[in-house]
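A short write-up of the structure that comes next.
The chains referred to below are lettered A, B, ... by the order of the sequence lines, with proteins before strands, and numbering in each begins at 1. Below, each value reflects all heavy atoms present in this structure, side chains not excepted, and no hydrogens, waters or symmetry copies.
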There are 2 protein chains.
Amino acid sequence: MSKCEQCIVRQFSSLKALNKEELLRMADCKTSYTIKKGEPIFEEGEVTNGIYCIKDGICKLSKLSDNGKDQIVKLVKPGELLGQRSMISDEPANLSAVALEDMEVCFIPRSEVMQFFNQNNQFSMNVMRTICDDLKGADDHMVNMAQKTVRQRLGETLIYLEDTFGKNEDGSLHIQLSREELAGMIGTATESCIRLLSELNKSGYIELTGKKITLLDKNKLKRLT
Amino acid sequence: MSKCEQCIVRQFSSLKALNKEELLRMADCKTSYTIKKGEPIFEEGEVTNGIYCIKDGICKLSKLSDNGKDQIVKLVKPGELLGQRSMISDEPANLSAVALEDMEVCFIPRSEVMQFFNQNNQFSMNVMRTICDDLKGADDHMVNMAQKTVRQRLGETLIYLEDTFGKNEDGSLHIQLSREELAGMIGTATESCIRLLSELNKSGYIELTGKKITLLDKNKLKRLT
DNA sequence: AACAAAATATGATAATTGTCATACTTTGTT
DNA sequence: AACAAAGTATGACAATTATCATATTTTGTT
């Protein structure tokens, strides 16, 4: 069993506040999983009873709307934690977490995390700041959803994907989303998403090569009307 | 100067965890304000340096979008606190708070609240739970904005307003929002909002009498297509 | 009471977006 | 290699929503 000390999650998440002894305790009670692309880590409404450390792979946090469509609320990358809000509110998950790539995650039971939370002030402060960041992000996201057109949201989302998850050597977006998933981020119909991508392609703002998307003019993408 | 002990905010907010001594300290350093309808408590980007207790009156939390429209993110009622996220993140306000009615509020300096926060575990836990609730609410709200039609959002918003702020004796909504503000909650153009209200009026789902709105069939409003 | 300003209402029209149908392409499986 | 299934693409059309113009009503101020 690995010791958590060198783990990427420890470097980037709230867990950076844990001391050696706490890390050892955590290493002792953690469970490691591999999750295949497309599989859930947990689903909306499920009692999670702990938090997940994302060691490798990207996942989506989404919620099923009444109209049957899945709205993607956030993408999560290695180094981040999942389930902090549910842990603190002591509620079932509000969102589903599904792997977009093969993933490696560790599960830490609620009881253990709550001990750190109560004993280690810096850790609990880190958790709070993360949740505050999420709240700010969600408010901003909400305003965009309410006030911007689908076309604007698509442009901004493409830029976000490049800035957050990077490019391949050929310059195309590293993260691979299906058209349906991209539509689910933007909050539109899959066909509309496909159609707008085609249009941006023809206008020379992006280049579509098979499933690959390459951003050609980020400035123009930022200022779509 | 009143003593905070009997204050509605103390009963309903995170502050319920404060003991008598802490309440006295708070009473000692608080500043009371009256805010007239239409005036801001604070504005987006402003450094708040403390939290506000809402003793009386309702206010809106909103954010100006690039298109020049003001999106209302949340309504806040007496008993609630404002500025908790900014206090914890140590960041300027992400949203503007503007009075929808004449208000009475108290300001507590950041330094004081952070003392309670660090010393009183129950208080900090309450603050965290509030922020977690806000995060859940914001995620759900975002999904609605992205996936529902303007008409559905209007129906649900009207029901929310009745359920949250109650009715007058004549059955009309107690809270008074301008059409522009209602449009700002729903995320649509003012004219569209007015037009849809007219339509719901003609269909007998609601009744418009001057500025007053009365919900006649909440079930049908819930299931607008 | 009279007036200007703001808010509400409605019409006409354009733009955006969703839906359904269908074709084409890619992927994975046997 | 062959096939089914899934994903992507595009057309045609309908529905929704925004925009601009213009009345009408309400509100606040003098």
Between the protein and nucleotides 22-24 of chain D, which nitrogen or oxygen pairs come in under 3.5 angstrom?
none

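- The stretch residues 182-206 of chain A participates, sequence neighbours left out, in these side-chain hydrogen bond (donor to acceptor under 3.5 Å, both in side chains) pairs: Arg151(A)-Glu199(A).
- Applying the side-chain hydrogen bond (donor to acceptor under 3.5 Å, both in side chains) test to residues at least two apart or on different chains, the pairs with a partner in residues 92-106 of chain B are Asp140(A)-Asn94(B), Lys63(B)-Asn94(B).
- For the salt bridge (charged side-chain N to carboxylate O under 4.0 Å, His left out) with Glu156(B), the qualifying choice from Lys222(B), Lys148(B), Arg223(B) is Lys148(B), the only one to do so.
- Within residues 141-156 of chain B, no residue has any heavy atom under 4.0 Å from DNA chain C.
- Direction change of the helix axis from one end of the helix from dA1(C)-dT30(D) to dT30(C)-dA1(D) to the other is 50°, with five pairs defining each end axis (rounded to 10°).
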For residues 209-217 of chain B, tabulate all N or O donor-acceptor pairs below 3.5 Å that involve a side-chain atom, not counting sequence neighbours.
| from | atom 1 | to | atom 2 | distance (Å) |
| --- | --- | --- | --- | --- |
| Lys212(B) | NZ | Asp170(B) | OD2 | 3.4 |
| Asp217(B) | OD1 | Asn219(B) | N | 3.3 |
| Asp217(B) | OD1 | Lys220(B) | N | 3.1 |

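- Not one N or O on the side chain of Arg10(B) forms a donor-acceptor pair closer than 3.5 Å with the backbone of Cys4(B).
- No donor-acceptor pair under 3.5 Å is formed between the side chain of Ser172(A) and the backbone N or O of Asn168(A).
- Here Glu46(B) pairs with nothing under the side-chain hydrogen bond (donor to acceptor under 3.5 Å, both in side chains) rule; sequence neighbours left out.
- Side chain of Arg179(A) to backbone of Ile194(A): no donor-acceptor contact under 3.5 angstrom is found.
- Under a 3.5 Å cut-off, the side chain of Ser65(B) and the backbone N or O of Gly68(B) do not form any donor-acceptor pair.
- Taking a cutoff of 4.0 Å between a charged side-chain nitrogen and a carboxylate oxygen, Lys218(B) and Asp163(B) qualify as a salt bridge.
- Judged as a side-chain hydrogen bond (donor to acceptor under 3.5 Å, both in side chains), and not counting sequence neighbours, Asp134(B) has no contacts.
- A donor-acceptor pair under 3.5 Å is formed between the side chain of Arg129(A) and the backbone N or O of Ile88(B).
- Listed by chain and number, the residues in a side-chain hydrogen bond (donor to acceptor under 3.5 Å, both in side chains) with Asp139(A) amount to none (sequence neighbours excluded).
- Interface residues of residues 182-214 of chain B facing DNA chain C, ordered by number: Glu191(B), Ile194(B), Arg195(B), Ser198(B), Lys211(B); criterion, heavy-atom separation under 4.0 Å.
- Partners of Gln11(A) by side-chain hydrogen bond (donor to acceptor under 3.5 Å, both in side chains), not counting sequence neighbours: none found.
- In this structure, Leu224(B) atom CG and dT16(D) atom P are separated by 11 Å, rounded to whole Å.
- Reading DNA chain C from its 5' end, the first and the last nucleotide to sit under 4.0 Å from a heavy atom of chain B are dA7(C) to dA12(C).
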